[in-house]
Amino acid sequence: MLELLPAPPADPLWDLTAEYAADPRPERLDLVLGVYRDHTGVTPVMAAVKEAEIRLAERSGSKEYLGLSGNTAFNRAMLGTVLGTEALTSRATAVQTVAGTGALRLLADLVRQTRPGTTVWISDPAYVNHRPILEGAGLTVRTYRWLGTTGRPDAADMLEDLRAAGPGDVVLLQGCCHNPTGADPSFATWEELAGLAAARGWIPFVDLAYHGLGDGLEADLAPTRMLAERLPELLVAVSCSKNFGLYRDRTGCAIVLGSSTHALRHVETALQNAARTLYSMPPDHGAAVVATILDDERLKSAWLAELDLMRHRITANRTDLVAHLTALGHEHQAQALARQKGMFSMLPLTPEQMRRLRHRSAVYGTDAGRVNIAGVPAHRIPFLAHGIADALRTPSTPGTV
């Protein structure tokens, strides 16, 4: 049987990570995976998380199963955090998932159960795992244009493409800090998207993975809440990997908002059944940590303060990189970076130039140009800027590295 297995495609991000690990150059810089690192290059455990874990260790007396929906205190806390008001949370249900990836897949399975063969629209470019998750659930994937020539989202192109989305289609939108581009639409464009969804009858599916790391938690959640207020149905996949630093604890939540509690009567059971066939139930530790933090005002305040510090450091990294690139004579490219936000930046480099950046300067990003700006120690920003400048000076010739 195993000899009949065709060679599957390798994961491009983890392949690059392995290439980085094998690189002997001490100056090498890993900007591939989306993890926050502090000024020393370490991904820290947040102070609020440490304290919550101590509390849990002191009171925990059992590892018994929690049930298919996971940690119910966590689910309540996620509903309140994401949606913000009782008027919205009363129209929603939530189940804990295996990180944001698990939430994306469970909600994709829910869409398939409701309407097999549904078309889901994703941005071009999109997060590398969106298409595989959706197609793995048996859904049809189409794309809408995202970036314009200025490096900003092109609202006109996006809206033109999404006018082709019809009743019952689903449109996947990243709630903030777009991966891989770091480019977010204006709030006015979000409002136009809400109007178009209402007029055309398509359902927004919001992927929330970086809230708190763009303009602040409340500002980053504002577009999702606006969609929830104006539309009868909304799907939301939430990750706690980035803003709580719970990467390996795989903590997430799938939220479904309907027009009424009656409309939601079968949703939680459908999500539970999907989870049962995939992984039965999610791990509890990360969810218990998040619930402990969000249910305690002092811990929640400490978490929000630390989240703001992380956001400010990411912003400072991007500002510093823009300044260094401008000083090196690349003001036009620098200004495109200045308009981005969140963990990722899309460098104005071709795949050939990105490979040259990797081979000549030991800076590892994706061939599409994505780099994790949150992963750069502050003192390495000049090194990164000089590597980018060197790649920009190189003619973009197919096959050149």
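Every heavy atom of this structure was used, including side-chain atoms; hydrogens, water molecules and symmetry mates were not. Numbering starts at 1 and runs along the sequence shown.
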With a 4.5 Å heavy-atom cut-off, do F74 and C240 have their side chains touching? yes

Interatomic spacing from OG in S259 to CG in L264 - rounded to 0.5 Å: 7.5 Å

Please report the C-alpha distance between H324 and D320 in whole Å, then the side-chain angles of each, then the deciding distance to 0.1 Å, and finally whether the side chain to side chain donor-acceptor pair (under 3.5 Å) criterion is met. CA-CA 6 Å; H324 277 85; D320 199 19; 3.2 Å; yes

Whether over 12 other heavy atoms sit under 6.0 Å from H312 NE2: yes

For R55, which of E51, E53, E58 qualifies under salt bridge (Lys or Arg N to Asp or Glu O under 4.0 Å)? E51

Parallel, tilted or perpendicular: ring planes of Y20 versus Y364, cut at 30 and 60 degrees: perpendicular

Tell me if a side-chain donor or acceptor on Q96 pairs with a main-chain N or O of A287 at a distance below 3.5 Å. no

Given the rule in the side-chain contact (heavy atoms from CB on, under 4.5 Å) test, do L68 and V95 qualify, once you have shown the distances and angles that lead to the verdict? CA-CA 8 Å; L68 298 177; V95 301; over 6 Å; no

Looking at residues at least two apart in the chain, or sitting in another chain, which of them share a ring-ring contact (aromatic ring centres under 6.0 Å, His included) with H330? none

Approximate separation, where rounding is to 0.5 Å, of L347 CG and F344 CZ: 12.5 Å

Report, as yes or no, whether the 6.0 Å neighbourhood of atom CZ on R248 holds more than 12 heavy atoms from other residues, nucleotides or ligands. no

Measure the spacing between CZ of R358 and CD of E19 and express it to the nearest 0.5 Å. 5.0 Å

For residues T366 and M354, determine if any side-chain heavy atom of one lies less than 4.5 Å from a side-chain heavy atom of the other. no

Can you give me the closest heavy-atom contact between D23 and R25, atom names plus distance? OD2-NH2, 2.7 Å

Evaluate the criterion side-chain contact (heavy atoms from CB on, under 4.5 Å) for residue pair M310 and N243; output intermediate values, then yes/no. CA-CA 9 Å; M310 292 164 61; N243 59 4; over 6 Å; no

Chi angles and distances behind the side-chain contact (heavy atoms from CB on, under 4.5 Å) call for V82, T224: CA-CA 8 Å; V82 172; T224 300; 4.3 Å; yes

Between R339 (side chain) and R152 (backbone), is there a donor-acceptor pair under 3.5 Å? no

Do any N or O atoms from the side chain of N372 and from the backbone of V35 form a donor-acceptor pair under 3.5 angstrom? yes

As an exercise, state the distance from CG of L392 to CZ of R356, rounded to the nearest 0.5 Å. 11.5 Å

S62 (side chain) donor-acceptor with E64 (main chain) under 3.5 angstrom: yes

Report, one line per pair, each donor and acceptor closer than 3.5 Å where one atom sits in a side chain of residues 188-199; sequence neighbours left out.
residue, atom, partner, partner atom, Å
T189, OG1, S186, OG, 3.1
E191, OE2, R230, NH2, 2.9

Let's go through K341 and D215 carefully: what are the C-alpha distance in whole Å and the side-chain angles of both, what is the deciding distance for salt bridge (charged side-chain N to carboxylate O under 4.0 Å, His left out) to 0.1 Å, and is it a yes or a no? CA-CA 8 Å; K341 64 181 69 171; D215 293 322; 2.6 Å; yes

Give me the atom names and distance for the closest heavy-atom approach of G387 to S361. CA-OG, 3.5 Å

Looking at every non-hydrogen atom in both residues, tell me the closest pair between L110 and A270 and how far apart they are. CD1-CB, 3.8 Å

How close do I381 and V376 get, heavy atom to heavy atom, and via which atoms? CD1-CG1, 3.7 Å

Just do the salt bridge (charged side-chain N to carboxylate O under 4.0 Å, His left out) check on R225 and E218 with the steps written out, would you? CA-CA 10 Å; R225 292 172 178 176; E218 293 299 306; 2.7 Å; yes

Do R28 side-chain atoms and A362 backbone N/O form a donor-acceptor pair below 3.5 Å? no

Check: D169 main-chain N/O paired with T118 side-chain donor or acceptor under 3.5 Å: no

Compare all side-chain heavy atoms of R380 with those of E27 and state whether any distance is below 4.5 angstrom. yes

Quick check against the 3.5 Å criterion: does N317 have a side-chain atom that pairs as donor or acceptor with the backbone of A374? no

Closer than 4.0 angstrom, basic N to acidic O: yes or no for E160 and R163? no

Heavy-atom side-chain contact between L104 and F205 under 4.5 Å: yes

Is a donor on one side and an acceptor on the other found under 3.5 Å between the side chain of T89 and the backbone of T85? yes

For residues L246 and H285, determine if any side-chain heavy atom of one lies less than 4.5 Å from a side-chain heavy atom of the other. no

Flag side-chain contact, heavy atom, 4.5 Å: P282 against V98: yes

Between CZ of R105 and CG of D109, what distance do you get to the nearest 0.5 Å? 4.5 Å

Atom CG of L147 and atom CZ of R145: how far apart are they, to the nearest 0.5 Å? 12.0 Å

Stepwise side-chain contact (heavy atoms from CB on, under 4.5 Å) test for Y247 and Y36: CA-CA 10 Å; Y247 302 95; Y36 174 84; 3.6 Å; yes

What I'd like to find out is whether the side chain of V236 reaches to under 4.5 Å of the side chain of L257, using heavy atoms alone. no

To check you understand the geometry: which heavy-atom pair defines the closest contact between S123 and P125, and what is its length? OG-O, 2.7 Å

Could you pull out all donor-acceptor pairs under 3.5 Å where a side-chain atom in residues 127-143 meets a protein atom, sequence neighbours excluded?
residue, atom, partner, partner atom, Å
H130, NE2, D207, OD2, 2.8
R131, NH1, E135, OE2, 3.1

Closest approach of G258 and E233, non-hydrogen atoms and distance? CA-CG, 4.4 Å

Between N71 (side chain only) and D284 (backbone N and O only), is there a donor and an acceptor less than 3.5 Å apart? no

Side chains of Q340 and H178: donor-acceptor distance under 3.5 Å anywhere? no

Pair E352-R355, salt bridge (charged side-chain N to carboxylate O under 4.0 Å, His left out): steps then yes or no: CA-CA 5 Å; E352 292 77 19; R355 288 192 286 270; 3.6 Å; yes

Please answer whether the main-chain N or O of V290 pairs with a side-chain N or O of W303 as donor and acceptor at a distance below 3.5 Å. no

In this structure, are over 12 heavy atoms from other groups packed under 6.0 Å from R276 atom CZ? no

Heavy-atom check, side chain of L106 versus side chain of L278, under 4.5 Å: yes

